[in-house]
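Proteins get letters first, then strands, A, B, ... in listed order; numbering begins at 1 in each. Everything quoted here is computed from the prediction, not taken from an experiment.
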Amino acid sequence: MSQGVGVVGLYVRDQDEALQFYVEKLGFRVHTDVRNGDYRWLTVQHPEQPSFQLGLFTPQAPMVDAATAQTLREAVAKGAMPPLVLDVDDCRAAYDRMRARGVEFTQEPIERYGAVDASFRDPSGNGWKMIQPRRGS
Amino acid sequence: MSGTGSRGTGQDPALLRRLLRAKDRMDAASHEDWPVPRLARVSGVSEAHFARSFKEAFGVPPHRYLLTRRIERAKALLRDTELPVTEVAFATGWNSLGTFGRTFRDVTGESPGELRARERAASHRLDQVPPCFLSAAHRPDLTIAVSEKRRQEADDRVPGSQQTEVP
């Protein structure tokens with residue numbers, strides 16, 4: 001096995017909606033989808049990144065209390081969660097493809113210092129930067 | 001400035017998600033005019049409720065949020081381009097160079113020309129941070145109204161004391 005970060009989780013408002021978004025609109029694959037009572041462990045994976053899983057979790061009891069869950073849902077909906085970056089080979093092509101599938105872009109592709117970046121949000125409010133790195137970096 | 005905002009606001013997450021859309025639209029086009037009816041339409045909220053809901057959600061009224069974005073963008077243009085100050089003003093949504101210069105100084109503590117000169121003199125080692133995040137980090141933290149900031153600074157100026165140029 002290789003050592004390193006295996007799973008990083010996002011909070012989402014609805015796991016079915018998130019699953020559909022990350023799989024159908026972004027092209028991720030389901031890695032694990034297991035339920036235990038009300039709890040659902042759901043992770044997806046980028047097709048070119050088999051050693052990393054992106055977790056799609058809801059803030060819920062018993063992991064957090066009800067008031068904390070509400071606060072977390074508010075924070076997600078306000079776009080207050082930390083930055084996420086998706087690396088792509090061709091930002092403009094990815095933008096066209098994803099936009100045609102109904103992804104909510106918040107910034108069109110812009111070239112800065114040789115790199116090209118765009119921004120989109122998932123249905124919950126998590127904000128992604130999509131970055132095409134500068135050639136040679 | 002503290003005391004509010006640390007607790008959950010009790011706002012409906014579905015409403016917050018729609019308010020976020022209005023904020024995103026201002027981010028994407030801060031040079032455009034964003035009167036309340038336009039923002040309310042983006043969020044699907046009544047005009048009467050929009051400003052209050054937005055402030056409750058994001059801590060600042062929508063017009064002041066827009067102002068911080070315009071100043072942030074103006075700072076980036078001053079730093080990263082050769083555009084004359086007049087063009088920076090118009091590119092970031094001001095109709096008057098005078099208003100731009102005055103507001104810029106009130107918010108940042110220095111004039112557009114001073115900021116440009118200072119940024120040029122400093123060397124940066126920020127190559128490893130994506131530029132899009134860098135510019136957000138340079139957004140002014142405008143927790144009070146510009147008019148209030150002016151008033152406070154006027155009070156601080158004790159007659160006879162020396163005023164330093166750059167804080």
Side-chain angles (χ1 to χ4, degrees), chain A residues 11-14 17-18 21 58-60 64-88 91 103-134 136-137, chain B residues 4-32 34 39 42-45 53-60 62 65 69 72-73 76-77 79-81 91 124-139:
Chain A
Y11 278 134
V12 297
R13 63 184 181 186
D14 180 300
E17 177 188 61
F21 177 82
T58 48
Q60 66 181 96
V64 294
D65 64 275
T68 303
Q70 172 65 18
T71 302
L72 290 168
R73 278 193 292 272
E74 289 172 18
V76 172
K78 285 196 241 188
M81 300 310 264
L84 300 160
V85 176
L86 183 67
D87 288 334
V88 292
C91 186
V103 173
E104 179 182 346
F105 274 88
T106 54
Q107 181 214 297
E108 293 176 7
I110 296 178
E111 183 168 351
R112 313 182 211 232
Y113 312 109
V116 184
D117 69 81
S119 306
F120 64 90
R121 288 197 190 279
D122 74 7
S124 303
N126 291 298
W128 284 88
K129 269 284 172 194
M130 181 164 74
I131 301 182
Q132 170 189 336
R134 191 169 43 196
S137 70
Chain B
T4 58
S6 57
R7 287 161 294 142
T9 58
Q11 286 177 287
D12 174 13
L15 167 66
L16 292 169
R17 182 66 182 87
R18 296 202 311 272
L19 293 170
L20 177 61
R21 212 157 272 144
K23 187 164 171 270
D24 282 340
R25 294 285 299 275
M26 285 194 274
D27 287 345
S30 62
H31 60 287
E32 293 181 13
W34 288 101
L39 292 166
V42 169
S43 289
V45 177
S53 302
F54 187 96
K55 180 169 190 296
E56 201 182 332
F58 300 114
V60 287
Y65 180 73
R69 296 311 315 262
E72 171 191 338
R73 183 140 177 274
L77 290 174
R79 195 176 55 236
D80 303 336
T81 73
H124 296 289
R125 288 195 43 89
L126 297 165
D127 298 357
Q128 293 302 308
V129 185
C132 36
F133 292 116
L134 266 190
S135 82
H138 287 123
R139 187 176 311 165

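Across every non-hydrogen atom of Pro13(B) and Ala77(A), the tightest pair is O-CB, 3.2 Å.
For Gln11(B) (side chain) and Glu74(A) (main-chain N/O), no donor-acceptor pair under 3.5 Å exists by modelled atom type.
The structure places CG of Asp12(B) at 8.0 Å from CD of Gln70(A), a figure rounded to the nearest 0.5 Å.
Considering only heavy atoms from C-beta on, Arg121(A) comes within 4.5 Å of Leu20(B) through its side chain.
Annotation: Glu32(B), atom CD; neighbour count of heavy atoms from other residues, nucleotides and ligands within 6.0 Å is above 12.
Only the side chain of Glu104(A) comes within less than 4.5 Å of a heavy atom of chain B; its backbone N, CA, C and O stay farther away. Contact of Ser124(A) with chain B is made through the backbone alone, with heavy-atom distances under 4.5 Å.
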